[in-house]
Number of protein chains: 2
Amino acid sequence: MSITYREVKADILRQITQGELAPGSSMPNEVDLAASYGCARATVNRAMRELADDGIIERRRKAGTRVRLNPIRQVRLNIPIVGQEIEELGAAYRYALVHGQAEPAPNWLRARMALKRDDRVLHLTCMHYADGAPYQHEDRWINLGALPEAEQHDFSDIGPNEWLVSTVPFTDAQISFHAVQADATFADYLDCTEGDALFQAERMTWLEGQTITFVQLTYRRGHRLTMQY
Amino acid sequence: MSITYREVKADILRQITQGELAPGSSMPNEVDLAASYGCARATVNRAMRELADDGIIERRRKAGTRVRLNPIRQVRLNIPIVGQEIEELGAAYRYALVHGQAEPAPNWLRARMALKRDDRVLHLTCMHYADGAPYQHEDRWINLGALPEAEQHDFSDIGPNEWLVSTVPFTDAQISFHAVQADATFADYLDCTEGDALFQAERMTWLEGQTITFVQLTYRRGHRLTMQY
DNA sequence: TTACGCCTTATGTCTATATCTTTTGAGAAA
DNA sequence: TTTCTCAAAAGATATAGACATAAGGCGTAA
């Protein structure tokens, strides 16, 4: 077979990493590259498009393609369901519902989730264990105005995350990571000392503009989120 | 013009999100889809390829394409240089070199960076300020065996990150995020209280299998890393 | 029954060509 | 000089057709 887009991509990347193509320098256009590689323009296009997607090069119509001065470093972060995350670690997963109650939304949550004055929420507190040891504390609020069937559902066996993913699988979300100090409750549930630094994720989820759920995930002491790029 | 791959992609996504195509169900093959949309197979292919890339559908040769049972939730995380990060917040950026010294690698670092017994490292400590307030504390070690020119370089004006990016722009890296308690040093530099929970990133960088640098980035109290998906 | 090896099929990719869109730069007009 | 308009350039995308590759499934031989 003739040359593949992967080979073209690899060759261009090699030229860039080995300094044959300097950062900031502009590259030949697609037609010329296709001619020099002896392949079709579409092949070069795909290679270049992926390189642009990877943040290595920068493409602009008419202006042409150039090697980025500061290549964009980016990673892909998979957001797993905690049960899968634990099982991928090779540990046994156990789930426990600590507390579940439908209630009027407190003010701070109403503001945060953009709820209406009378909206009720289902407040769930859960624990996730890996090999019997506390792994993650989950504090979740579900908007019952948007998802009334949640009130009837029994969360003692399967976690709200799994239920939500199977009930409303395709949503928009915002996730944020930060550090918090363990208060007495976290110290208790996560088997650590009050004041310990804990890694926490917060996620808000929307379905067609409507806020579905807000969740605070607090990890056991020492948790790390690791990625390659 | 006729139908675009974006329209095809959007239509398939709509069918999935609105439940016309159930999770786990298999989809028509590319030839049939192309016929039903009245476009070329390549157009359908690109739409489907992107959906697969987004973790919405799953494709296997011969087996065909099906909607993922558990759509993979993933985000793209850009790793900015701290100066750019601060300027994008609309704040004034200031950099300061706290400490810089070439020294033999301590044992823990030798192990971590996989250095040889006699390798020396350049240990740099820096601070990054946003509008005059502490933003990030940087503790960095550069492998002088791999990058001897670092020892001659003066880091008082530009940060080691920027220098590294312009010197060895294309590297492999691993990044990890976690929470730490502020010790006296951090409390001092980051203007917080000892014991405060701080968000910390650690990054190790390789060039062609050789460890270049290890860095610990500790953010000011309350820092959040936020992403949409 | 089991294991091996074809055959078929769906996706993966390339070619060659054409049209569309965006953007820039030149030239005209104010 | 400044602003507007238009044409050319380069990437973005569409098409039709072909071949490549992986893998499920069935038939045959052990």
Side-chain angles (χ1 to χ4, degrees), chain A residues 1-16 21-72 74 76, chain B residues 1-16 20-69 71-72 74 76:
Chain A
M1 206 213 267
S2 56
I3 207 167
T4 70
Y5 82 91
R6 289 165 190 280
E7 292 172 305
V8 174
K9 184 179 174 183
D11 186 69
I12 295 174
L13 198 55
R14 182 193 57 73
Q15 289 185 45
I16 294 173
L21 281 168
S25 66
S26 75
M27 305 176 50
N29 69 33
E30 293 190 352
V31 176
D32 294 348
L33 276 174
S36 75
Y37 282 112
C39 68
R41 198 181 137 208
T43 306
V44 171
N45 180 274
R46 180 150 180 202
M48 304 274 272
R49 186 151 40 77
E50 290 199 359
L51 286 168
D53 218 47
D54 294 343
I56 309 289
I57 62 177
E58 218 176 348
R59 318 194 75 192
R60 265 167 45 233
R61 281 166 155 139
K62 165 75 181 172
T65 302
R66 48 184 57 232
V67 183
R68 286 196 95 99
L69 237 15
N70 298 119
I72 295 183
Q74 50 190 358
R76 265 189 175 191
Chain B
M1 207 210 264
S2 58
I3 205 168
T4 69
Y5 83 92
R6 287 166 191 279
E7 291 172 306
V8 174
K9 184 179 176 185
D11 186 69
I12 295 174
L13 198 55
R14 183 193 56 74
Q15 288 184 45
I16 294 173
E20 288 172 45
L21 281 169
S25 66
S26 75
M27 304 177 48
N29 69 35
E30 293 190 350
V31 176
D32 294 349
L33 278 174
S36 76
Y37 282 112
C39 67
R41 184 165 81 98
T43 306
V44 171
N45 180 275
R46 178 146 182 207
M48 304 271 274
R49 186 151 40 78
E50 289 200 358
L51 286 168
D53 218 47
D54 294 344
I56 309 288
I57 63 178
E58 219 175 347
R59 320 194 76 193
R60 262 163 50 231
R61 279 166 157 147
K62 164 71 183 174
T65 302
R66 49 185 55 233
V67 183
R68 286 195 96 101
L69 237 14
I72 296 182
Q74 49 189 0
R76 264 191 176 189

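Within every chain, numbering begins at 1; the chains are lettered A, B, ... in the order of the sequence lines, protein sequences first and strands thereafter.
- For the OP1/OP2 pair of D:dA12 and a distance below 4.0 Å, the side-chain nitrogens and oxygens of A:R59 include at least one atom meeting the criterion.
- As a whole-Å value, the separation of B:R6 CZ from C:dT21 P is 12 Å.
- Following rounding to the nearest Å, B:E50 (CD) and C:dG12 (C1') show an atom-to-atom distance of 16 Å.
- For A:R14, the CZ atom counts as densely surrounded, since its 6.0 Å shell holds more than 12 non-hydrogen atoms of other residues, nucleotides or ligands.
- What separates CG of B:L33 from P of D:dT15 is a distance of 14 Å, to the nearest Å.
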Do any N or O atoms of the protein come closer than 3.5 Å to N or O atoms of nucleotides 6-9 of chain D, and which pairs are they?
from: D:dA9; atom 1: O4'; to: A:K62; atom 2: NZ; distance (Å): 3.2

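- For the pair B:Y5 OH and D:dT13 C1', the computed distance is 8 Å after rounding to whole Å.
- If you take CD of B:E58 and P of D:dA23, they are 13 Å apart, rounded to a whole angstrom.
- In this structure, B:R49 atom CZ and C:dG12 atom C1' are separated by 9 Å, rounded to whole Å.
- When each of D:dT13, C:dT13, D:dG24 is scored by its nearest atom to the side-chain atoms of B:R46, the top-ranked nucleotide is D:dT13.
- Going from atom NZ of A:K9 over to atom CG of A:D54 covers 4.5 Å, rounded to the nearest 0.5 Å.
- How far CG of A:D32 is from CE of A:M27: 11.5 Å, rounded to the nearest 0.5 Å.
- A distance of 11.0 Å separates OG in A:S25 from CD1 in A:I57, rounded to the nearest 0.5 Å.
- A:R59 has a carboxylate O that lies under 4.0 Å from a charged side-chain N of A:E30, or vice versa, which qualifies the two as a salt bridge.
- To the nearest angstrom, C1' of C:dC20 lies 11 Å from CZ of A:R41.
- Picking from D:dA14, C:dT15, C:dG12 the nucleotide with the shortest atom distance to the side chain of A:T43 gives C:dT15.
- A:T65 has a side-chain polar atom (N or O) that falls below the 4.0 Å cut-off from OP1 or OP2 of D:dG11.
- The nearest heavy atom of DNA chain D to B:A63 and to A:A42 marks one nucleotide each, and the one closer to the 5' end goes with A:A42.
- In this structure, CD on A:E50 lies 11.5 Å from CD1 on A:I56, to the nearest 0.5 angstrom.
- Whole-Å rounding puts the B:E30 CD to D:dA16 C1' distance at 14 Å.
- Between A:R60 and C:dT24 there is a side-chain polar atom (N or O) within less than 4.0 angstrom of OP1 or OP2.
- Separating the CD1 atom in B:I16 from the CG atom in B:L51 is a distance of 6.0 Å, to the nearest 0.5 Å.
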